[in-house]
K.L.:
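Please find one structure pasted underneath; my questions will follow.
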Protein chains: 2
Amino acid sequence: MGERLQRPKIDDVARRAGVSTATVSRTLANPEQVKPKTRDAVMQAVRETGYVLNVAARNLRTSRTHAVLAVVPDVSNIFFSQVLQGIAATLRPAGYSLIIADTGNDPERERDHADFVRAGRVDGLLLLNGRLLSAATGELAGAPTVSLCERIPGSGLPHVETANREAARAMTERLIEQGHRRIAYVAGPAANVLEHDRFAGYREALEAHGLPLDASLVRPGDFSIRAGEDAAHALLALPARPDAIFACNDAMAMGAIRALTAAGLSAPRDVSVAGFDDIEFAAAYNPSLTTVRQARTEIGARAAAMLVDLIEGRQPASREIRLPAEIVMRDSTRAR
Amino acid sequence: MGERLQRPKIDDVARRAGVSTATVSRTLANPEQVKPKTRDAVMQAVRETGYVLNVAARNLRTSRTHAVLAVVPDVSNIFFSQVLQGIAATLRPAGYSLIIADTGNDPERERDHADFVRAGRVDGLLLLNGRLLSAATGELAGAPTVSLCERIPGSGLPHVETANREAARAMTERLIEQGHRRIAYVAGPAANVLEHDRFAGYREALEAHGLPLDASLVRPGDFSIRAGEDAAHALLALPARPDAIFACNDAMAMGAIRALTAAGLSAPRDVSVAGFDDIEFAAAYNPSLTTVRQARTEIGARAAAMLVDLIEGRQPASREIRLPAEIVMRDSTRAR
DNA sequence: TGCAAAAATGTAATCGATTACAAATCGAAA
DNA sequence: TTTCGATTTGTAATCGATTACATTTTTGCA
């Protein structure tokens, strides 16, 4: 079917325009070095022949790919996918394409990606979850890399993140101001730096207001809806139940509200519930969710911009960006 | 910092193993052609030197990239992101990497991607939204391409899709069986093939059961939560309000439920509401959402597998796959 | 007009693999 | 031990661009 016709190469264009291949190459890459008249002739020939540069050849010669690899624990996760959008949107106008590796949360696979750089497949790395990077850090030596969402302790890697601690503290304080005294916390995975920061914020707020940190009010979780449900069930079984639940992401907050409903209670009437992230469905939830808004696309955009700077040898304005988050009070919490 | 040490190349390995570069190349690509003893020596040398093949060089020589481009209208959309996950999961073990182009729903950009193939940047294309492809179809001649989610009418392009019409019909029939008689439909964008099919299913079901198709019960929408709210508002303002609302995706169904709540009504007590997609948050919604479950990761996986077959010159088992969908009855609908 | 410097263009080496073809080695049968 | 065919390995051309360096053209100014 597809009569596989020969793609025109740079020689074809050169011949047609009556110039050398060097001139064609220059016209395409550095037009200002070429006399306008010649330039026009070349562009004309390009159009006539339908020439498209062979990327592999250029990559080989220049050892640059104009591609960036994003290592993502889970593309389908609503959080990461929005960060990716910010990345994609920034990379495109800068002339980079985006390669995505979904590691499926598998530590093994997260390691592989140093090879992407070494094989000359990409110019830089964007790590959406640094958890395991510490192991790979040595191997990355030299490869431009930016870490997102999670700071990698002690790695010195440039990164972009939300001010998680401050945000969690602010949210907890809002709950305290609303008159809540027994505020439960539903945690993320223990190894998660992000969880660590949020918990620290929660604790700080309690301390600052002279409230005790009651260990029975802190429940483990893993960011899933189900985990939120389980945690809420456990909390409701306590002799003295909490008057508020702060889940460290929105999915768990929704789970908690479901559990309340299932138990014949209601948020915010009986227990206030707050989340973290402000995912798309938080505002549409029933009740709409009080939460912390993170600028997810901006995180992606800033990280991508920083990476491009690194790749192109420019000194990025900053190697560490912390974006402020915003408290969004909605219907799932209420003053006591 | 990064002492940019020379990456070993195939000659280094060859020298170290005492063989020619041809043998090294063969050992890596077609080990069975090489005598076991030689093979071991080469592998040893590879390990010692830390050799990693230069992908650009191989691409140039073989004019194959082992990369695939997915053209996505919006990565951050929960629907697409899950399809992407299926794609990524299938591509990886097959040895392909995934490049993502987020077109931001911009017709202009969807066009650009034929160039990706022509520039030799990828071996094939996965189109998650064929809407505009018709325009580009000519240019793709020869490039392996699979369309997902939406069949591209008259393109003859291989594709994978959900049996939207059948599923929408089945859902509508379930609502009828539950005793609903005034079933409203909240549509997707008019140009959308997917919307077209779902609406056809809705209409078929009404006809089959002798129910009239009441134009005032069909409201426009664009798949957003907000559109669902607006549609429901309009429907509630009708002299005779519907007893069920079938929104052609979950986000709009959630919007409709919000609107009901805002109007002091409730789903399913006053109006039943059904969605389509069964996104992650459908089960966690309040009330949990009756919807149509599409196997999103499977759509992605099947399409990716088909594309790999096409790229590698194998005849795919089928050029048109329609995956059945499953009706999931939950709490947002109730028998009248 | 003549001449030096600047600008524009051309020649050809180069990036690092793959692979057609040739050469060498091996093994089995006679 | 030959000998022929099958296996294994090596040599070197090749993929299509970029770019250092050489050469030509243009420009500005005396």
Side-chain angles (χ1 to χ4, degrees), chain A residues 4-43 45-46 49-67 95 115-121 123, chain B residues 4-43 45-46 49-67 95 115-121 123:
Chain A
R4 206 162 196 64
L5 46 118
Q6 206 61 28
R7 308 224 164 292
K9 43 180 76 171
I10 199 167
D11 303 80
D12 300 324
V13 178
R15 205 165 323 113
R16 182 152 201 142
V19 299
S20 74
T21 61
T23 301
V24 176
S25 179
R26 279 190 283 253
T27 305
L28 265 22
N30 309 83
E32 76 285 357
Q33 296 182 8
V34 168
K35 195 156 57 166
K37 209 170 148 186
T38 321
R39 202 190 304 162
D40 293 345
V42 172
M43 293 313 285
V46 167
T49 53
Y51 172 72
V52 176
L53 174 143
N54 180 316
V55 173
R58 185 225 275 166
N59 290 353
L60 174 57
R61 183 53 226 249
T62 62
S63 52
R64 287 281 315 281
T65 61
H66 294 273
D115 277 356
F116 257 79
V117 183
R118 302 208 300 162
R121 210 184 250 285
D123 295 337
Chain B
R4 207 163 194 63
L5 47 119
Q6 206 62 28
R7 309 223 165 293
K9 42 178 78 172
I10 199 168
D11 304 79
D12 300 324
V13 178
R15 207 164 322 115
R16 182 151 201 144
V19 299
S20 73
T21 61
T23 301
V24 176
S25 180
R26 279 189 283 253
T27 305
L28 265 23
N30 309 83
E32 76 284 358
Q33 297 181 8
V34 168
K35 195 156 58 165
K37 208 171 148 185
T38 320
R39 201 190 304 164
D40 294 345
V42 172
M43 293 313 287
V46 167
T49 54
Y51 173 72
V52 176
L53 174 144
N54 180 318
V55 173
R58 185 226 275 163
N59 290 354
L60 175 55
R61 183 52 226 248
T62 61
S63 51
R64 287 280 315 282
T65 61
H66 294 274
D115 278 356
F116 257 80
V117 183
R118 303 209 301 163
R121 211 185 250 283
D123 295 336

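A note on names: the letters A, B, ... follow the listed sequences, proteins ahead of strands, and every chain is numbered from 1.
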K.L.:
Below 4.5 Å, heavy atoms only, C-beta onward: do V52(A) and R7(A) meet side chain to side chain?
P.N.:
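No - every pair of side-chain heavy atoms lies 4.5 Å or more apart.
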K.L.:
Kindly state which residues belonging to residues 33-41 of chain B come within less than 4.0 angstrom of DNA chain D, counting heavy atoms of the residue only, listed by number.
P.N.:
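Hits under 4.0 Å, by residue number: V34(B), K35(B), T38(B).
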K.L.:
Would you indicate what S25(B) reaches in the nucleic acid, counting non-hydrogen atoms under 4.0 angstrom: base, sugar-phosphate, or nothing?
P.N.:
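It contacts base atoms.
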K.L.:
Rounded to whole angstroms, how far apart are CZ on R26(A) and P on dT23(D)?
P.N.:
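Going from R26(A) (CZ) to dT23(D) (P), I get 15 Å.
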K.L.:
Mind listing the closest non-hydrogen atom pair of R26(B) and V34(B) along with its distance?
P.N.:
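For R26(B) and V34(B), the tightest heavy-atom pair comes out as CB-CG2, 3.9 Å.
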K.L.:
So if I take every side-chain heavy atom of V19(B) and compare against dA17(C), dG10(D), dG16(D), which nucleotide ends up nearest?
P.N.:
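Looking only at side-chain atoms, V19(B) lies closest to dG10(D).
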K.L.:
Give a yes or no on whether a salt bridge exists between K9(B) and D12(B), defined as a side-chain N under 4.0 angstrom from a carboxylate O.
P.N.:
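No salt bridge links K9(B) with D12(B).
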K.L.:
Contact class for S63(B) vs. all strands (heavy atom < 4.0 Å): base, sugar-phosphate, or nothing?
P.N.:
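Touches nothing.
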K.L.:
Using atom CG of D11(B) as one end and atom C1' of dT11(D) as the other, report the distance to the nearest whole Å.
P.N.:
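To the nearest whole Å, that distance equals 13 Å.
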K.L.:
So, does N54(B) use its side chain to make a donor-acceptor pair with the main chain of A56(B) at under 3.5 Å?
P.N.:
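At least one qualifying donor-acceptor pair exists.
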K.L.:
Any donor and acceptor pair, going by atom type alone, linking the side chain of D40(B) with main-chain N or O of K37(B) inside 3.5 Å?
P.N.:
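Pair absent, no side-chain N/O of D40(B) close to backbone of K37(B).
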K.L.:
Has T65(A) got a side-chain atom pairing as donor or acceptor with D123(A)'s backbone, closer than 3.5 angstrom?
P.N.:
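Indeed, once roles are kept as given, a pair shorter than 3.5 Å links the two residues.
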K.L.:
Distance check needed: dT19(D) P versus L28(A) CG, whole Å only.
P.N.:
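To the nearest whole Å, that distance equals 13 Å.
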K.L.:
Which listed nucleotide (dC15(C), dT11(C), dT19(C)) is nearest to the side chain of S20(A)?
P.N.:
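Between dC15(C), dT11(C), dT19(C), the one nearest the side chain of S20(A) would be dT11(C).
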K.L.:
R118(A) CZ to dG16(C) P: how many Å, rounded?
P.N.:
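Atom-to-atom, R118(A) to dG16(C), this comes out as 15 Å.
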K.L.:
Just the rounded figure in Å: distance from P of dG16(C) to CG of N59(A).
P.N.:
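About 13 Å, once rounded to whole Å.
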K.L.:
How long is the line joining CD of E32(B) and P of dT9(D), in whole Å?
P.N.:
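Distance check: E32(B) CD to dT9(D) P gives 13 Å.
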K.L.:
Is any side-chain N or O of T23(A) closer than 4.0 Å to OP1 or OP2 of dG10(C)?
P.N.:
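Yes, such a contact exists.
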K.L.:
Atom CZ of R15(A) and atom P of dT9(C): how far apart are they, to the nearest Å?
P.N.:
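To the nearest whole Å, that distance equals 19 Å.
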K.L.:
Let me spell it out: for each of L53(A) and A22(B), pick the nucleotide of DNA chain D with the closest heavy atom. Which residue's pick is nearer the 5' end?
P.N.:
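It is A22(B), whose closest nucleotide lies nearer the 5' terminus.
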K.L.:
Output yes when a side-chain donor or acceptor of S63(A) lies under 3.5 Å from a complementary backbone atom of L60(A), and no otherwise.
P.N.:
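Looks like no, no N/O pair under 3.5 Å.
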K.L.:
Should the side chain of R61(A) and the base of dT14(C) be counted as holding a donor-acceptor pair, with the cut-off at 3.5 Å?
P.N.:
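Yes.
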K.L.:
How many whole angstroms separate atom CG of N54(A) from atom P of dT18(D)?
P.N.:
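Distance check: N54(A) CG to dT18(D) P gives 10 Å.
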